[in-house]
**Q** 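Dropping the structure in here first, questions after.
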Amino acid sequence: MRILITALLTACLALPAAAQNKPAVEQQFRSWLQQEVWPQARKKGVKRRTFDAAFKGVTLNWKLPDLVPPGSKPKAKRAQRQAEFGSPSKYFNAGSVGGATRVGRQMAQRHASALARTEKRTGVPGRIVLGIWGRESGYGQVPVKHDVFQVLGTKGFMSTRADYFTDELIAALQIAQAGHAPSRAMKSSWAGALGQPQFMPTSFLDYAADGDGDGKADIWRSEADTIASIAHYLKQHGWQAGRDWGFEVKVPARLSCALEGPDQARPIRDWAAMGITRISGKPFPDHELPQSGSLLMPAGRSGPAFIVTPNFYALKKYNNSDLYALFVGHVGDRIQYGMGDFKGRWGKVGGLLRSDVAGMQRALERMGHDVGGADGLAGYKTRRSIGRWQETRGDTPTCFPRAEMIRQLR
Ligand SMILES: [Ca+2]
């Protein structure tokens with residue numbers, strides 16, 4: 001009997017959001033907007049008319065992820081632990097790369113003057129802007145359809161990161177107040193990222209730019225403003241004019257993959273002296289030789305290798321993923337230079353769970369390795385820690401998680 005009662009209680013506590021008293025929660029949401037959000041917005045210069053227009057007809061969106069309605073507890077992040085740790089090759093499937101390249105070439109022609117003007121102003125090449133634009137919103141052709149005030153209102157009111165989203169909501173109101181676009185045109189992703197470049201509202205306030213000279217940064221409806229905004233963001237995050245993002249290379253077997261990472265950068269001429277060559281057979285450009293470069297092996301020895309410049313790490317400021325930055329740079333090269341696939345082949349890696357990788361990371365941490373946090377992802381710190389651990393075992397380093405390591409690292 002006691003077991004039954006416990007089970008019943010547990011079932012009640014775990015009521016899904018759908019079973020809650022939604023009208024009452026909607027009412028709480030309206031009060032929260034007036035009592036919490038409005039005073040903060042007013043302090044930032046938002047006028048009452050703008051505020052009312054932004055929330056006119058806006059109700060909670062109960063379908064968004066990570067919601068924590070009043071009186072409930074955040075759900076355990078089970079899905080994340082059990083998420084698949086896939087092969088990096090999936091990121092570069094022929095459909096995504098081919099589509100981004102094909103449409104990117106059309107966009108390069110259609111927006112040639114805006115791209116050239118922006119490159120002159122910021123030093124960020126058009127092909128790089130195109131790579132990001134394509135990845136973020138399919139050059140504006142993938143509909144960005146959520147109402148930002150509904151998304152950020154809902155997540156600011158009831159989500160696992162309510163404070164963060166409330167700050168973003170205030171920033172969205174500031175954007176509406178400045179009149180960059182009518183509030184109903186301010187569409188976002190389900191996570192609150194705005195328009196064609198997918199800027200969070202606070203990033204918009206810092207980096208959005210006017211590309212067509214009308215005094216507004218309309219990243220929803222203006223391609224020129226989208227192009228200018230992406231380039232401005234990269235310039236402000238350290239893009240160095242005149243330098244490439246990186247080069248696919250061949251790494252001699254005698255060099256360890258554990259040499260990877262921006263904190264082990266050295267002049268590109270030193271890498272060349274160590275025997276690293278461009279896979280194209282061309283030499284590294286003369287102006288790059290004395291400048292800094294670092295080794296990047298996104299799948300360790302089981303995939304293509306690169307010497308990347310600090311510009312690669314400016315791309316990562318847009319989205320903190322090696323594969324993202326590599327995709328953007330690579331698609332840019334294909335658009336501009338008609339390059340084909342990477343010459344290095346992606347090996348059969350992946351097929352693990354993120355929880356498996358996190359377990360390996362914790363084991364490596366116990367041995368004193370810096371894996372950059374046990375997050376279940378294989379960033380460069382994790383990859384080279386695996387390589388260093390393999391070296392101490394007398395193995396040839398491969399620098400990427402594999403199933404047999406789960407047992408070896410236990
Ligand atoms: Ca404009």
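Order of listing sets the numbers, starting from 1, for every ligand and every atom in it.
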**Q** Checking one value in my table: which N/O/S atom of D210 lies closest to the Ca ion (ligand 1)?
**A** OD1

**Q** If I take every N, O or S atom of A228, is at least one of them less than 3.0 Å from the Ca ion (ligand 1)?
**A**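 It does not: A228 brings no N, O or S atom closer than 3.0 Å to the Ca ion (ligand 1).
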
**Q** Can you tell me how the ring of F199 sits relative to the ring of Y207, calling it parallel under 30°, perpendicular over 60° and tilted otherwise?
**A** perpendicular

**Q** What's the atom name of the N, O or S in D225 nearest to the Ca ion (ligand 1)?
**A** OD2

**Q** Is it the case that R161 places NZ or CZ above or below the six-membered ring of Y164, under 6.0 angstrom from the centre and within 45 degrees of the axis?
**A**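 Satisfied, under 6.0 Å and within 45°.
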
**Q** Over 60° means perpendicular and under 30° means parallel, so classify the ring planes of W133 and Y139, tilted if in between.
**A** perpendicular

**Q** Any N/O/S atom from D212 (main chain or side chain) under 3.0 Å of the Ca ion (ligand 1)?
**A** yes

**Q** Determine the interplanar angle of the F157 and W32 rings, folded into 0 to 90°, and report it as parallel if under 30°, tilted if 30 to 60°, perpendicular if over 60°.
**A**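 Correct class here is tilted.
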
**Q** Under a 4.0 Å threshold between the charged nitrogen and the carboxylate oxygen, would E288 count as salt-bridged to R243?
**A** yes

**Q** Could you check which N/O/S atom of D214 is closest to the Ca ion (ligand 1)?
**A** OD1

